[in-house]
Amino acid sequence: MVTLDVRPQLLDALSALRERVAAARFPLPLAGAPRARANRDELLAQLDDYLVPRLRDPQAPLLAVVGGSTGAGKSTLVNSLVGRRVSEAGVLRPTTRTPVLVCHPEDHHWFSGMRVLPDLTRVWAHRHETTDDLLLPGENPARVLRIETADTVPPGLALLDAPDVDSLVSDNRVLAAELICAADIWIMVTTAARYADAVPWHMLRTAKEYDVTLVTVLDRVPHQVIGEVSRQYGALLTKAGLGQVPRFTVPELPESAWGGGLLPATAVAALRTWLVHQTQDPAARQHAVARTAQGILDSLNTRLPELAGAAAAQHAAALRLTSAVDTAYDREHTRVRGRLQAGAVLAGDALKRWRAFPLDCTPGELLDTLVESLAELLLCAVTAADERVDEAWRREPAAAAPELTARDTAGNDAEHRIGLAVRRWRRELEEYAEDEVRELDRSVAPDPELVAALVATVLLGGRRGRAAGERLAERIGAHGALRLRDRGGRLLVEHVDRILHTERERRLAPLDALEVHPEPQAELIAALSVLQKER
Amino acid sequence: MTAVTDQDHTEHPEHPEHPEHTGHTEHPEQGGQAGPSTEHTAYSGNRSASSGSAPVAGRRAEAARPGRAEDDRSGADDASGGAGGTSGDGTGRRTGDRSPGVNADAGTGPSASAGAGKAEGTGSGAGGAGDGDPWDDGLIARRAEENPGHAPYGLTQTRPPAQQLITPLSYDPPLRSRLEALRELVGLSRTRLDNHTLAEAGRVLDEAAARRRLSGQHTVVAIAGATGSGKSQLFNALAGVAISETGVRRPTTAAPIACSWSDGAAGLIERLGIPPRLRRRPLQSGPDVDEQLRGLVLIDLPDHDSAAVQHREQVDRVLRLVDAVIWVVDPEKYADAVLHERYLRPMAAHAEVMFVVLNQIDRLPGEAAEQVLDDLRRLLDEDGIALGEYGEPGATVLALSALTGDGVGELRDALAQFVAERAAPSRRIAADVDIAAARLWPVYAARRRVGLSEEAREEFSARLADAVGATAAGEAAERAWLRNANRACDTPWLRLWRWCQERREPATGRQVVRPQPDEEATARQRVEQAVRTVADRASAGLPAPWAQAVREAAARGAQGLPEALDELAVRAGLPPGRPPRPGWWPVAVLAQASMTILQFVGGLWLLGQIIGVMSPNLGVPVLLMMIGIIGGPLIEWSCKMAARGPARRYGMEAERRLREAAAGCGRARVLDPVAAELLRYREVRERFARVAGVAAGTGGR
């Protein structure tokens, strides 16, 4: 006999766990991400709508959710159990679009509040026509729960007529799954034509997995074949390991097909009796409640690690993306350093200017082309790195996230930013040159701009700029030249590092904004272990 | 027999235009009596000999197809060659007949597929297959023909073979041209797209070719639906006999069952993979009924929604191969998500070859059947399926009860008309092509006009010119020229002063021309960036695979480009040494010299007067000196002015030479390959437009 003993610590652990689950995010579109997201939502729904409220109020009425495929006769069954038309039934599919909850008038207060199913808006409409008027404008009609009361429902029991689990309207499907998660007793309805369908069997397997209190109804069975179909269905259930599940058979009657008529009480008497027994008999009731609750608590043992695994996969993917960016930028950084040392900046226009210097070229012009050439080198490195990153990311499914693909017009921006940074370097270099010149004797002091141009050539020209070093030494003395060169070199390295670092950070910014961290995984597992200790 | 085959092999090249005649005269069954009398009798003789091997060849062809990536037609031809070796004379002759074509296909690869198609077209003309169909060469037609009497699977078929002359299917010209375009498209895209993307198109082509070889008199219609909807019941109702097992046990039917209303469909059923023990004949209830559905091959499928996964796989496999589908739904399940989302929505293009039947209306009272039918129509409409109402083409929606027979007659009439039209296979293939085209849309359709704009080309050239330093070189040349000119025309006093200046200053900047060879004179980063920019421009708006191809072409061209530019800059640069001088220079120098002489003369004259050697005459020497003093700078200044133009021209010339050389190099190495790649894309795009463009036309038919 399973018992349900609820301690406040358990509730606390559950709430903590709930927060952790709610905080888990799966933003990267990995193969398992949609499933993880669905699992998280389902788990959250089960915690919010069932487990926490049930453990808080063990004496609350049992909620029996009637679920099944479209056209299985769920609404007709609920109506017949209640004894009057509470849920609309009909031949057009899908029939039930708004879930209907029926309970005894005395139990009304349990459901009118937000104790269970807190994200569904309550509607108290006794007549169907008015439901539409009660909706606030813009409200999704699917996110509404209609509450009906009927004296014929035994106290301590509430019946919920859910939409189809395989509805064409996908919102309905999601809602159905959510409602079923909130149930103490799962009533799975299937029909003679459907009992081998894949979708309801999936639900049945889930029910078995969670070990909930389950009952199946084989509905709409033609009289002629009632024995055979029932036997077949029983065999299938036994094969699936669900042989001990209570099974009820409702024959197909003219009333079940048309007009939402009620089935005669005899047709559903057995089911009704069983339900009444579950609610009235304390032991049976306790058993039903405890079994579902324990089953779901047990299921956490497997579901939370699954979620944690998905969170870990997210983090691993994020790490892979980050490392692709790092590798690409590191490589380009090394290349830039090598090129700088080789004097690649002093090429093309800059080289021609240097050749013409000082006879046919002013120091200002030389400095201009050098700066431009340096900016081009850096821009080339950044775009090459970006290209490399794009290529690496193309192989990563996680990089398909819309946040990562929607890149701004990076080219022009990068050009602009690099241009600014390089010009700033030039200004600082010119200031250094002025400092050096100021210390010299006024009579022999050369033009600071000339000194700056020579220093820049030395720094950027590699071997080719050696002549510039000699000239610089002639102008401001060997000692001053060496000092200026060292300071300028440090400044250059610093600026180049900063520029590449900024570009790398910009590239990583959208990924960082997704906030994929390693913590959720550990937190989920920790919350689970706390819960296990408290049970 | 072997001798005949050999002879054919050798004779073939000598008579390339009439290969068939030789074959027929040598044919032992013809004897000598018929000779090359008429093509038709030759064929009939041929047919009887070859029919035994035909299914074998067909199966080989199917087995060989997946392995052959090049062209399914060549795959089939190869297979026929293989079959020919075993089956003797008729097919053996064919092998000889075909082998050049096969070789040509294999040798030239995908790009030759168009040419190969034409070659086969002419072959068909010679073979007299008739309608000018480019594929309808005698070979395929004959291979496809089956003589039921000899067919190994013809056990269930009892008719005498003489009645039945099975003509293969022929597609209408628009569809043929679309298929041809699709084939060329696949061939051209092989190197650019992965097999996975092209798989669907390849499958459509394979199926089109396979279906084409089989009977055009028959229409294969599958009955599909959810478990328990009454597929088998309907199947039995149409056949008039309980062929397919019905029952309450779910799922009932586990394997597809075929029922053919007339002979000659063995190949079609074989293609579906239905074994002989599951092939049936309808009840011969009456000649008129039998006649009405003549040509119908009905397939009863397992369910698609039960927990038995292998059923779903079978359904999916068979649905790809049949000509038309009857979807059976029932009042309980007609709105199932699985049916609509998994089958009806993806197959919306197949509306014209689709029947949707609401079964079990006997379970609905009164007008409820109408309501449900309307709701079903609404759902189908939401799925995007065109409904065949008011004479428009589209899916036929009917309500019936297979149990009571209510409405089955209507379905039978509709089917009879449908089968009699014999258009279903073509429509189905056309719809398949539509779907394949829609799937391929993202890899072929450009988001905007593609191509390399003149602007982008010029920008590329300008960047390359920057990389070799054309502007700076031009400016430097201009200034050097100007400097030289000025120096030449300077007044001697100024020269003297400058010389003193130089003597005083350390000799920096004197060693202007150091003719050391520069390694890496070209700015590598600029070249790299230029190539990257132009590749980005060229590939902007292209679908990903083609953009990648363009970028790769540019990257390939960029290899070695900087070195080439280095070399080129040396060649195209100005010759070292002093720049050339214009003709007026000596005059200017002379004038300058004469001015100096005037100064000297004036000065000496004055000096002479002062020391009293000469007669005092103040005016003339002063005037001479004044002319010399004023004229010297004046000449210098005017020379400077006059030198500006030539200097500018000289600089421009230097710049232009570098610029043009760089642009030429860039064009040859990068722009041309990129343009070629774009052209290739445009070619493919045009093929795709042919595949997809006609789709709109037939869709609206």
Side-chain angles (χ1 to χ4, degrees), chain A residues 69-72 91-94 164 166-168 170 173 191-199 201 220 222 225 228-229 232 236 252 254 257-258 339 342-345 347-353 355-361 365 369 373 376-377 379-381 383-384 387 411 464 471 474-475, chain B residues 226-229 247-251 303 305-309 312 330-338 340-341 363-366 368 371-372 375 379 382 466-473 475-480 483 506 508-509 512 514 518 520-526 528-529 532-533 536:
Chain A
S69 314
T70 167
V91 288
L92 301 186
R93 319 269 166 236
D164 316 321
D166 57 351
S167 172
L168 254 181
S170 61
R173 281 196 296 245
T191 68
R194 281 192 178 276
Y195 66 82
D197 280 15
V199 179
W201 272 100
R220 305 184 66 172
V225 294
E228 191 182 348
V229 169
Q232 289 283 348
L236 284 178
E252 168 144 49
W258 177 234
R339 305 287 298 156
V345 177
D349 264 2
L351 185 64
K352 293 279 190 293
R353 294 266 188 228
R355 283 285 134 79
F357 183 80
L359 284 180
D360 299 326
C361 171
E365 279 172 336
T369 47
S373 192
E376 190 75 16
L377 176 72
L379 179 64
C380 177
T383 39
E387 208 171 65
R464 247 177 272 167
R471 274 191 232 174
E474 284 167 14
R475 298 281 155 101
Chain B
T227 168
S229 288
V248 291
R249 184 198 175 108
R250 303 271 160 260
D303 62 86
D305 65 342
S306 79
V309 183
R312 198 158 60 222
D330 62 70
E332 205 177 297
K333 290 188 161 187
Y334 74 88
D336 273 17
V338 138
H340 290 272
E341 286 178 1
R363 286 173 71 183
L364 289 171
Q371 281 186 14
V372 173
D375 199 44
L379 288 176
E382 281 174 12
D466 273 356
V468 295
T471 321
E475 261 175 42
E478 181 184 339
R479 287 179 193 175
R483 185 161 45 82
T508 50
V512 186
R514 261 168 310 176
D518 276 322
E520 303 201 359
T522 308
R524 300 292 194 263
Q525 63 272 18
R526 280 187 192 271
E528 197 182 323
Q529 192 67 14
R532 192 172 289 131
T533 312
D536 280 352

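Keep in mind it's a predicted model, so treat the numbers as computed, not measured. Labels below follow one simple rule: chain letters A, B, ... track the order of the sequence lines, proteins then strands, and each chain is numbered from 1.
- A 4.5 Å side-chain heavy-atom check between A:C361 and B:E475 finds every atom pair outside the cut-off.
- Counting heavy atoms from C-beta on, the side chains of B:V338 and A:D197 never come closer than 4.5 Å.
- To the nearest 0.5 angstrom, B:T471 atom OG1 is 10.5 Å from A:K352 atom NZ.
- With respect to the salt-bridge test (charged N to carboxylate O, under 4.0 angstrom), the residues B:R479 and A:E365 qualify.
- Interface remark: of the candidates B:D303, B:T227, B:D336, B:D336 forms the most heavy-atom pairs closer than 4.5 Å to chain A.
- Annotation for A:T383 and B:Q529: closest pair OG1-OE1, 3.0 Å, computed over non-hydrogen atoms.
- Annotation: side chain of B:R526 is not in contact with side chain of A:C380 (no heavy-atom distance under 4.5 Å).
- Proximity to chain B (any heavy atom under 4.5 Å) is shown, for A:A384, by both the backbone and the side chain.
- B:D330 pairs by the side chain to side chain donor-acceptor pair (under 3.5 Å) definition with B:S229, not counting sequence neighbours.
- Neither the backbone nor the side chain of B:A226 comes within less than 4.5 Å of any heavy atom of chain A.
- Looking at every heavy atom in both residues, B:A470 comes nearest to A:D349 through N-OD1, 3.8 Å.
- Here the CD-CZ distance, from B:Q525 to A:R339, works out to 6.0 Å after rounding to the nearest 0.5 Å.
- In this structure A:S69 satisfies the side chain to side chain donor-acceptor pair (under 3.5 Å) test with no other residue, sequence neighbours excluded.
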